[in-house]
Structure formats: structure tokens, C-alpha cells
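In this text, all values refer to a predicted model and were calculated from it rather than measured experimentally. Just the heavy atoms: all of them, side chains too, but no hydrogens, waters or symmetry mates, feed the values below.
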Amino acid sequence: MRDRVGDLLAERARLSGGAGGGIALSILLHGSIVAVIVYTAMHARAPQQVSTLSIQFAPTQAIQQPATPAPTPHAPQSAPP
């Protein structure tokens, strides 16, 4: 006499590989991710120097000097008709 429940449990035990396969796959996956990260970090370009611009303001004494006055406009003269 065959037991259906026993056959089903035996089939499940035969199909299940246990936790070893999952652990091995996880270690392989994480190891390859770390390898890619290390490879890209080792082959990255070095930081380049950035050119800077220095701005120097004029001394305050030059700003406080009075400016020359603008010439006054002359009134136009009308020509006799």
C-alpha cells in the first residue's frame, strides 16, 4: 500500500536542495557586486585641478573721490528765417 502523503513529502525532500544552494548563490552574487565596485574604484580618474579666478576690488579711496561734473548742454539757437 502506497502512502500519498509520504510520497509527496519524499518528493519535496528530493526537490529541495536545502539552504546550501541559496547561501552559495548569495555569496556569489555579493562577491561579484563587490568585485565590480572595487574594479571601478581602482580604474577611476584622479580628481583634476580646477582653475580659480581671483577677484580684487578697488580700494575705497578711489571710490570716494568726487567725479568731474558733466558739461552743461547749450541751448540750441534758432536760425532767422
Side-chain angles (χ1 to χ4, degrees):
M1 185 158 147
R2 299 186 71 170
D3 185 15
R4 289 187 175 178
V5 175
D7 291 339
L8 182 65
L9 291 175
E11 184 179 349
R12 282 189 183 176
R14 186 177 48 88
L15 290 176
S16 153
I23 291 172
L25 183 64
S26 175
I27 290 173
L28 180 67
L29 178 68
H30 286 89
S32 59
I33 289 172
V34 168
V36 168
I37 290 171
V38 168
Y39 179 80
T40 56
M42 297 290 283
H43 291 83
R45 290 186 181 177
Q48 299 175 355
Q49 284 285 358
V50 178
S51 61
T52 58
L53 176 67
S54 297
I55 300 174
Q56 295 179 351
F57 294 104
T60 56
Q61 296 168 352
I63 296 172
Q64 294 174 353
Q65 293 176 353
T68 58
T72 57
H74 294 46
Q77 297 176 357
S78 61

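S26 places no side-chain N or O within donor-acceptor distance of the main-chain N or O of G22, the cut-off being under 3.5 Å.
Scored by the ring pair (Phe, Tyr, Trp, His ring centres under 6.0 Å) test, F57 finds no partners at all (sequence neighbours excluded). Applying the side-chain contact (heavy atoms from CB on, under 4.5 Å) rule to I33 yields the partners L29, I37; only residues at least two apart in sequence or on another chain are considered. Every residue two or more places apart in sequence or in another chain was checked for a side-chain hydrogen bond (donor to acceptor under 3.5 Å, both in side chains) with H43, and none qualifies. Take V34 and apply the side-chain contact (heavy atoms from CB on, under 4.5 Å) test, not counting sequence neighbours, and it matches V38.
Other members of a hydrophobic cluster containing V50 are absent, since no ILVMFWY side chain comes under 4.5 Å of it, directly or through relayed contacts. Under a 4.5 Å side-chain heavy-atom cut-off, the cluster of Ile, Leu, Val, Met, Phe, Trp and Tyr residues that includes L25 has no other member. Within the hydrophobic cluster formed by Ile, Leu, Val, Met, Phe, Trp and Tyr side chains joined at under 4.5 Å, directly or through other members, Y39 stands alone, with no partner residue.
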Contacts under 3.5 angstrom, residues 5-13 side chains, donor-acceptor by atom type, not counting sequence neighbours:
none

